[in-house]
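Have a look at the structure below, then the notes.
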Amino acid sequence: MTSVMRPLPWHWAEFERLLPAPSRELAHALLLRGPRGVGKLDFARALAAALLCETPARDRTACGLCQSCNWLRAGSHPDYRELQPVRAGESGLEANDERRASSSITIDPIRALADFVNISSHRGGAKVILIHPGEALNPNAANALLKSLEEPPAGTHFVLATHRPHQLLPTIRSRCLQIGLPAPTHACASAWLEAEGVSEPQLALAHSGGAPLLARELAGGAYWARRSAFLRILTLSELDIVSAGEALRDFSIAEVLGWLQKWSYDLARLQAHGSVRYNPDYRSELDRASARADRLAVLRFTRETVRLQAIAQHPLNARLFIEDLLLAYQDVFRSEARS
Ligand SMILES: [Zn+2]
């Protein structure tokens with residue numbers, strides 16, 4: 001649990017609307033919907049903190065000072081459970097981590113919830129279960145959760161957050177009160193990033209598709225250096241696949257795929273609308289590449305990178321995968337590849 005006891009500023013209106021008069025009047029299951037990286041988890045944690053707090057502030061947010069708030073901060077609140085898949089780092093952005101990560105929430109922690117739900121709360125107040133992201137529940141886990149969702153005891157709250165509500169079981173969706181959490185406006189997001197000390201807020205925001213939390217993650221670590229190294233290779237006038245594969249062999253597949261996807265999306269967008277979205281700092285390189293690339297082949301390649309996202313989560317031969325990707329990318333410049 002982070003020390004965040006309040007939602008991000010652009011979600012305050014949604015938060016206020018939900019803040020319970022007494023907590024028992026709040027729906028026992030909430031589904032927070034919204035794009036990745038806009039602050040759903042912060043919202044969910046702030047809501048959990050408010051529900052559990054023993055001396056809420058006048059605006060009904062958690063006080064941050066009571067025993068309950070202290071336990072939450074320490075990650076040891078007896079009336080709180082937080083279920084997430086084991087992610088690669090916090091961000092999923094660190095290189096070479098994806099092999100240790102699991103992308104799903106399995107049935108065991110969900111089964112364990114049944115006991116938690118049925119015993120009375122330690123502090124005599126609310127109990128909160130946060131599940132993030134909901135689409136990470138594997139089918140068995142989702143079915144097991146349904147039972148707990150059906151009729152939890154009074155004062156027990158489930159808060160699910162999801163980037164992909166359509167991937168949840170319809171029966172789970174229908175048991176939840178759905179709350180849409182939008183991305184902030186561009187101006188609001190860049191002001192926030194600046195206040196967070198992000199050095200190039202505009203670029204980071206463009207690169208993360210307007211999601212401020214993703215943009216902030218990018219600011220840390222060596223992300224930009226890795227991206228430059230990759231784009232330097234990609235934009236070489238003579239791209240040699242074997243030496244590129246060698247140079248990139250320790251890179252994260254998911255990261256390389258993500259860069260290629262953004263790059264080819266920008267190529268397609270340049271060809272269709274004359275503008276770029278993700279890589280404004282490489283505009284002249286993109287201009288040159290788009291002038292040479294075949295439109296249809298670019299679209300096909302972009303779709304292929306989206307399709308490959310599913311595979312990139314699983315262990316495989318990273319170097320071969322990256323070489324294949326680069327070979328496919330080269331084809332967008334070959335008119336003879338048109339069919
Ligand atoms: Zn408190």
Side-chain angles (χ1 to χ4, degrees), residues 1-34 37-84 87 90 105 109-110 112-134 145 148-149 152-162 176-182 184 188 192 195-197 212-213 216:
M1 181 89 186
T2 65
S3 61
V4 178
M5 295 276 173
R6 303 176 73 85
L8 289 157
W10 51 88
H11 288 151
W12 185 248
E14 286 82 3
F15 195 74
E16 260 190 324
R17 219 170 292 141
L18 262 190
L19 272 190
S23 86
R24 62 181 173 277
E25 284 178 18
L26 185 70
H28 71 265
L30 297 172
L31 179 61
L32 310 175
R33 288 183 288 110
V38 301
K40 297 186 298 299
L41 185 56
D42 292 70
F43 189 97
R45 285 173 171 166
L47 185 65
L51 287 168
L52 293 166
C53 179
E54 286 158 16
T55 51
R58 195 176 292 226
D59 64 5
R60 305 209 57 87
T61 54
C63 72
L65 301 167
C66 69
Q67 178 64 271
S68 169
C69 287
N70 284 330
W71 273 336
L72 268 183
R73 217 180 276 112
S76 58
H77 200 302
D79 296 323
Y80 178 70
R81 293 287 184 277
E82 187 171 308
L83 268 56
Q84 295 198 61
R87 289 262 171 226
E90 256 295 295
I105 297 172
I110 298 291
L113 280 182
D115 288 338
F116 173 73
V117 166
N118 289 320
I119 54 167
S120 52
S121 86
H122 278 252
R123 301 293 282 180
K127 282 185 290 181
V128 182
I129 298 130
L130 194 165
I131 299 176
H132 176 272
L145 177 66
S148 297
L149 277 181
T156 302
H157 300 275
F158 285 86
V159 183
L160 284 79
T162 179
C176 297
L177 173 68
Q178 299 196 29
I179 315 283
L181 293 179
C188 175
W192 180 78
E196 289 285 303
L213 274 75
R216 185 179 61 181

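Counting starts at 1 for both ligands and their atoms, following the listed order. From a predicted model like this one, the values you see are computed outputs, not experimental measurements.
- With sequence neighbours left out, the side chain to side chain donor-acceptor pair (under 3.5 Å) criterion links R81 to no other residue.
- No cation-pi contact links R17 to W12, judged by a cut-off of 6.0 Å to the six-membered ring centre and 45° from its axis.
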Identify each donor-acceptor pair in which a side-chain atom of residues 121-131 lies under 3.5 Å from a protein atom, sequence neighbours left out, and give them as a table.
unit_1 : atom_1 : unit_2 : atom_2 : d
S121   : OG     : G124   : N      : 2.8
S121   : OG     : G125   : N      : 2.9
S121   : OG     : G125   : O      : 3.0
R123   : NE     : E54    : OE2    : 2.7
R123   : NH2    : E54    : OE1    : 3.0
R123   : NH2    : E54    : OE2    : 3.3
K127   : NZ     : F116   : O      : 3.0
K127   : NZ     : V117   : O      : 2.7
K127   : NZ     : I119   : O      : 2.4

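- Listed by chain and number, the protein N, O or S atoms at a distance under 2.8 Å from the Zn ion (ligand 1) are C53 SG, C63 SG, C66 SG, C69 SG.
- Under 4.0 Å is where a charged nitrogen must lie from a carboxylate oxygen, and between E16 and R60 no such pair does.
- Checking T156 against H28 by side-chain atom types alone, no donor-acceptor pair falls below 3.5 Å.
- When the salt bridge (charged side-chain N to carboxylate O under 4.0 Å, His left out) test is applied to R33, no partner is found at least two apart in sequence or on another chain.
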